[in-house]
Amino acid sequence: FLLRVGTSDMPEPLPDTPGRTLVDQAGQTLHLSEPVQRIGTPGISMASLILAIGGGDRLQAVAPEVRDNPWLQRLLPASSYLPTPFTRPAGVNLEELLRIRPDLVTLWVGNEPLGKRLEAVGIPVLYLGYANPDEMKTAARLLGQALGPAASARAETFVRDYDDNLRRVAERLADLPESARPGVYYASISPLQTEGRDSMIDAWIGAAGGINLAARAGLSRDVQVHLEDVLAWNPDLIVTLDATQQQAILTDPRWQDIRA
């Protein structure tokens with residue numbers, strides 16, 4: 001779902017403009033006259049970043065998969081009751097969203113057709129896209145700038161904590177031999193949708209000491225695979241985007257001979 005991403009480590013508002021003017025990760029310029037109070041997003045990862053920088057109370061519109069995510073419900077119980085005008089990967093009930101009146105919607109880079117529909121009815125759009133930790137930190141800082149000074153400060157704290165955690169894990173795994181690293185398969189929006197090289201999932205699996213089997217097979221970014229591929233890879237671990245994909249795999253007898 002990532003087509004184009006920003007490369008700046010520290011996004012800065014353009015000078016001499018009232019409010020905040022941001023250049024997002026699609027390279028588009030967005031002007032916000034006031035800090036965002038009502039934000040919507042269809043993405044679990046983007047919602048998690050909003051929560052991480054202290055914007056959970058401003059999250060007002062999501063997709064059903066975001067509302068039903070157990071991790072988000074644990075950290076933000078009110079997320080269980082959020083309106084769900086968005087559908088993955090790039091759908092929206094525009095009438096419902098307009099009733100919510102968000103000050104900002106965040107979309108993945110590549111979802112510009114949906115963004116143009118929202119902008120046409122006056123809803124500002126911030127495009128985010130990250131395939132590695134540096135780009136994710138840039139996204140957090142952009143969100144912080146959009147939500148105001150307190151969120152911006154929280155974004156900087158998040159970036160420092162994230163770097164510290166990566167460094168600590170890397171130190172612990174420094175002596176782990178390749179033969180001891182588990183092979184991992186990631187099931188995304190369907191059991192046979194995964195992510196290969198140049199993706200955030202690949203970065204996370206590698207940082208945690210695993211081997212992304214789709215990446216090792218030479219696949220890149222968001223990609224559809226065949227069940228025969230997964231059977232041949234025979235992963236040690238399977239990670240799923242959500243409980244729906246987990247249950248689909250556990251109840252499908254074709255997956256039962258896999259090592260995981």
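What you see is a predicted model, and the numbers here were worked out from it, not measured in a lab. In this chain, residues are counted from 1 in sequence order.
For residues 204-216, every residue pair satisfying the side chain to side chain donor-acceptor pair (under 3.5 Å) rule, not counting sequence neighbours, is listed here: Tyr162-Trp204, Asp202-Asn212. The side chain to side chain donor-acceptor pair (under 3.5 Å) contacts involving residues 246-260 comprise Asp236-Arg259, Asp252-Arg254, where partners must be two or more places apart or lie in separate chains.
When the side-chain hydrogen bond (donor to acceptor under 3.5 Å, both in side chains) test is applied to Asp175, no partner is found at least two apart in sequence or on another chain. Annotation: side-chain hydrogen bond (donor to acceptor under 3.5 Å, both in side chains) contacts of Arg181 (sequence neighbours excluded): none. Annotation: side-chain hydrogen bond (donor to acceptor under 3.5 Å, both in side chains) contacts of Asp163 (sequence neighbours excluded): Lys137. Arg88 pairs by the side-chain hydrogen bond (donor to acceptor under 3.5 Å, both in side chains) definition with Asp242, not counting sequence neighbours.
Placement of Ile201 and Leu213 in two distinct hydrophobic clusters is found when ILVMFWY residues are connected by side-chain heavy-atom separations under 4.5 Å, directly or transitively. Side-chain heavy atoms closer than 4.5 Å link hydrophobic residues (I, L, V, M, F, W, Y) into clusters, and following such links, possibly through other members, connects Leu76 to Leu143.
Around the CZ atom of Arg101, the shell of radius 6.0 Å holds no more than 12 heavy atoms that belong to other residues, nucleotides or ligands.
Contact check on Arg167 versus Glu171 returns no salt bridge, with no Lys/Arg side-chain nitrogen under 4.0 Å from an Asp/Glu carboxylate oxygen.
Looking at every heavy atom in both residues, Ala207 comes nearest to Leu173 through O-CD1, 3.4 Å. Heavy-atom minimum distance, Leu32 versus Pro124: CD2-CB, 4.4 Å.
Within the 3.5 Å criterion, the main-chain N or O of Gln37 finds a donor-acceptor partner in the side chain of Asp103.
The closest side-chain donor-acceptor pair between Arg154 and Thr157, if any, does not fall under 3.5 angstrom.
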